[in-house]
S.K.: 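Supplied in structure tokens, the structure appears directly below.
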Amino acid sequence: MTLETVEIKAFVPSRDFELSKAFYVDLGFEVAFSDDSLAYLKAGECAFLLQRFYVKEHAENFMMHMLVADVDAWWRRVEEVGLPAKYAVKASAPEDRPWAIRDFVITDPTGVLWRIGTNIERKG
């Protein structure tokens with residue numbers, strides 16, 4: 001018996017489904033599939049399912065973590081598109097973390113928190 005895995009996807013909530021889809025496209029994802037209640041969004045080999053589902057307490061406690069090859073390129077995208085102002089979301093610039101990741105934090109229009117980062121060498 002082999003317990004080989006192929007993929008795992010989170011179902012990310014959205015308060016305003018169409019606004020959230022637009023946010024993720026502007027962030028750098030592509031919509032590979034969408035219907036009235038679910039969208040399959042991907043960037044390279046990473047993907048998630050955006051759902052037309054919202055419970056405030058759930059959404060405000062939902063977090064995603066995505067490792068990327070170049071976190072600074074992703075941050076430039078955030079700045080170039082003007083995501084914080086365009087979608088009234090919070091974002092903080094990339095920082096080197098003690099746990100050996102350089103990452104930035106951004107919330108989506110629903111309040112879902114994303115940490116997008118790159119592995120770096122541990123200092124010390």
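Note that these values count all heavy atoms, side chains included, but never hydrogens, waters or copies made by symmetry.
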S.K.: Would you find a donor on one side and an acceptor on the other, under 3.5 Å apart, between the side chain of T107 and the backbone of L113?
M.R.: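 No: the side chain of T107 does not pair with the backbone of L113.
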S.K.: Roughly how far, to the nearest 0.5 Å, is CG of D16 from CZ of R52?
M.R.: 8.0 Å
S.K.: Out of curiosity, H58 NE2 to F53 CZ, how far, rounded to the nearest 0.5 Å?
M.R.: 5.5 Å
S.K.: Supply the atom-to-atom distance N119 CG to W99 CH2, rounded to the nearest 0.5 angstrom.
M.R.: 12.5 Å
S.K.: Other than I8, what residues sit in its cluster of Ile, Leu, Val, Met, Phe, Trp and Tyr side chains whose heavy atoms are under 4.5 Å apart, directly or through others?
M.R.: none
S.K.: Could you grab the distance from atom OG of S14 to atom CG of L19, nearest 0.5 Å is fine?
M.R.: 9.0 Å
S.K.: Show me the side-chain donor-acceptor pairs of residues 22-36 shorter than 3.5 Å, one per line, residues at least two apart or across chains.
M.R.:
unit_1	atom_1	unit_2	atom_2	d
Y24	OH	D108	OD2	2.6
Y24	OH	W114	NE1	2.8
D26	OD2	K86	NZ	2.7
D26	OD2	Y87	OH	2.6
S34	OG	K21	NZ	2.7
D35	OD1	S37	N	2.9
D35	OD1	L38	N	2.9

S.K.: Kindly indicate whether the side chain of V55, heavy atoms from C-beta on, has any atom under 4.5 Å from the side chain of P13.
M.R.: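 Heavy-atom side-chain distance check fails, nothing below 4.5 Å.
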S.K.: Is the shortest side-chain heavy-atom distance between V105 and M63 below 4.5 Å?
M.R.: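 The answer is no, as the side chains (C-beta and beyond) never meet within the 4.5 Å cut-off.
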S.K.: Nearest 0.5 Å, please: how far is CZ in R122 from CD1 in I101?
M.R.: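 Nearest 0.5 Å value for the CD1-CZ distance: 9.0 Å.
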S.K.: For a quick test of reading the model, state the closest non-hydrogen atom pair linking A43 to W74 and the distance between them.
M.R.: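 The pair with the smallest heavy-atom distance is CB-CH2, 3.9 Å.
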S.K.: Any side-chain heavy atom of I116 within less than 4.5 Å of one from R77?
M.R.: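 A side-chain contact is absent here, since even the closest heavy-atom pair is not under 4.5 Å.
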S.K.: To the closest 0.5 Å, what do you measure between CZ (R102) and CD (E95)?
M.R.: 8.5 Å
S.K.: Would you find a donor on one side and an acceptor on the other, under 3.5 Å apart, between the side chain of T110 and the backbone of R15?
M.R.: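 Yes, because the side chain of T110 sits within donor-acceptor range (under 3.5 Å) of the backbone of R15.
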S.K.: Closest heavy-atom contact between V68 and T118?
M.R.: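 Between these two residues, the closest heavy atoms are O-OG1, 3.1 Å.
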S.K.: Which atom names give the shortest non-hydrogen contact between A47 and Y40, and what distance separates them?
M.R.: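 Scanning both residues completely, I find the closest heavy atoms to be CB-CE1, 3.5 Å.
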S.K.: Indicate if V112 and Y54 have the same hydrophobic cluster label, given that clusters are the connected sets of ILVMFWY residues with side-chain heavy-atom separations under 4.5 angstrom.
M.R.: no
S.K.: Grab the two heavy atoms, one from D103 and one from G117, that are nearest each other, plus how far apart they are.
M.R.: CB-CA, 3.5 Å
S.K.: Are any non-hydrogen side-chain atoms of K9 and F11 less than 4.5 angstrom apart?
M.R.: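 Not in contact.
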S.K.: Check this for me: N61, atom CG, are more than 12 non-hydrogen atoms of other residues, nucleotides or ligands nearer than 6.0 Å?
M.R.: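 Count not over threshold, so no.
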S.K.: Tell me who clusters with L3, hydrophobic residues only, linked when side chains sit under 4.5 Å apart either directly or through other members.
M.R.: M1
